[in-house]
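Sequence lines set the chain letters: A, B, ... in the order given, protein chains first and strands last, and positions in each chain run from 1. Scope of the values below: all heavy atoms of this structure, side chains included, with no hydrogens, waters or symmetry mates.
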Amino acid sequence: NAGVTQTPKFQVLKTGQSMTLQCAQDMNHNSMYWYRQDPGMGLRLIYYSASEGTTDKGEVPNGYNVSRLNKREFSLRLESAAPSQTSVYFCASLDEANYGYTFGSGTRLTVV
Amino acid sequence: QKEVEQDPGPLSVPEGAIVSLNCTYSNSAFQYFMWYRQYSRKGPELLMYTYSSGNKEDGRFTAQVDKSSKYISLFIRDSQPSDSATYLCAMENTGGFKTIFGAGTRLFVKA
């Protein structure tokens with residue numbers, strides 16, 4: 001099925017560990033995004049990539065890095081995980097024809 | 001003050017009821033308004049999007065935008081248990097890249 005694929009679905013990290021969240025889309029969308037979702041806070045933008053080769057900070061970029069590997073793939077890296085990064089992370093791509101995001105199924109990350 | 005305010009609920013209604021979900025916002029520059037539905041442990045999915053003011057209807061769903069009051073609504077007619085989900089409003093002023101989401105309203109439709 002066409003869409004956005006995220007891996008892994010679940011992860012537990014110890015404080016200070018690093019990891020990379022992977023995301024790929026097969027809809028030929030130019031723009032890709034990483035959001036985090038916390039209770040009562042809604043979705044907050046971490047980083048986005050308007051096109052292949054470009055990345056920009058969103059609302060909450062501290063503690064994260066991203067790589068737009070090619071048009072399909074956009075990864076999010078936590079270099080030194082902190083408990084405040086415990087959250088559900090969503091990758092999304094944008095259909096510019098209807099301003100609608102297609103979201104992946106999310107990664108539930110717990111940092112202990 | 002948040003740019004977008006949305007009552008978190010939960011909102012519980014009987015099957016067949018008309019549901020009204022609402023958001024208020026503070027940024028008068030917002031031009032694009034979206035509603036997303038999110039089932040438990042899933043990613044949000046786009047339900048409807050409207051540009052500027054007015055109404056838009058899609059089956060049992062109607063989206064309404066009142067820019068003068070900075071208020072948007074989503075109406076669900078003949079609600080079904082399968083409509084039980086969290087509904088997120090979202091809005092932006094540039095047509096992409098910087099979308100602001102509401103925190104979501106949890107809806108329960110009882111059979």
Review point. Any idea which heavy atoms bring B:Lys2 and A:Gly40 closest together, and the distance?
Key: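 Looking at all heavy atoms of both residues, the shortest contact is NZ-O, 3.1 Å.
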
Check your understanding: What heavy-atom pair brings A:Leu43 and B:Pro44 nearest, and what distance separates the two atoms?
Key ->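 Heavy atoms only, the tightest pair is CD1-CG, 4.0 Å.
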
Review point. With chain A, which of B:Met48, B:Gln38, B:Glu45 has the greatest number of heavy-atom pairs at distances under 4.5 Å?
Key: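 Looking at each option in turn, the highest pair count goes to B:Gln38.
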
Heavy-atom cut-off 4.5 Å, strictly under: side chain, backbone, both or neither for [X] against chain A?
{"X": "B:Tyr51", "value": "neither"}
{"X": "B:Pro8", "value": "neither"}
{"X": "B:Gln6", "value": "neither"}

Do [X] and [Y] belong together in a cluster built from hydrophobic side chains that touch within less than 4.5 Å?
{"X": "B:Leu46", "Y": "A:Tyr33", "answer": "yes"}
{"X": "B:Tyr36", "Y": "B:Leu107", "answer": "no"}
{"X": "A:Leu21", "Y": "A:Val60", "answer": "yes"}
{"X": "A:Phe103", "Y": "A:Phe74", "answer": "no"}
{"X": "B:Val65", "Y": "B:Val4", "answer": "yes"}

Practice item. Taking the side chain as every heavy atom from C-beta outward, state whether A:Tyr35 and B:Thr99 have any atom pair closer than 4.5 Å. Key: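 Yes; the side chains approach each other to less than 4.5 Å.
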
Point to revise | A:Phe90 and B:Lys42, any side-chain heavy atoms less than 4.5 Å apart | key: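 No - every pair of side-chain heavy atoms lies 4.5 Å or more apart.
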
Review point. Using a cut-off of under 4.5 Å for heavy-atom pairs, which of A:Gly42, A:Gly106, A:Ala92 has the most such pairs with chain B?
Key: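 Among the listed options, the one with the most contacts to chain B is A:Gly42.
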
Check your understanding: For A:Gln37, is it the side chain, the backbone, both, or neither that has a heavy atom closer than 4.5 Å to a heavy atom of chain B?
Key ->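 For A:Gln37, side-chain heavy atoms alone lie under 4.5 Å from chain B.
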
Review point. Given a strict heavy-atom distance threshold of 4.5 Å, which part of A:Arg44 is in contact with chain B: side chain, backbone, both, or neither?
Key: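 A:Arg44 has no heavy atom closer than 4.5 Å to chain B.
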
Review point. What distance separates A:Tyr101 OH from B:Tyr49 OH, expressed to the nearest 0.5 Å?
Key: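 Rounded to the nearest 0.5 Å, the OH-OH separation comes out at 13.5 Å.
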
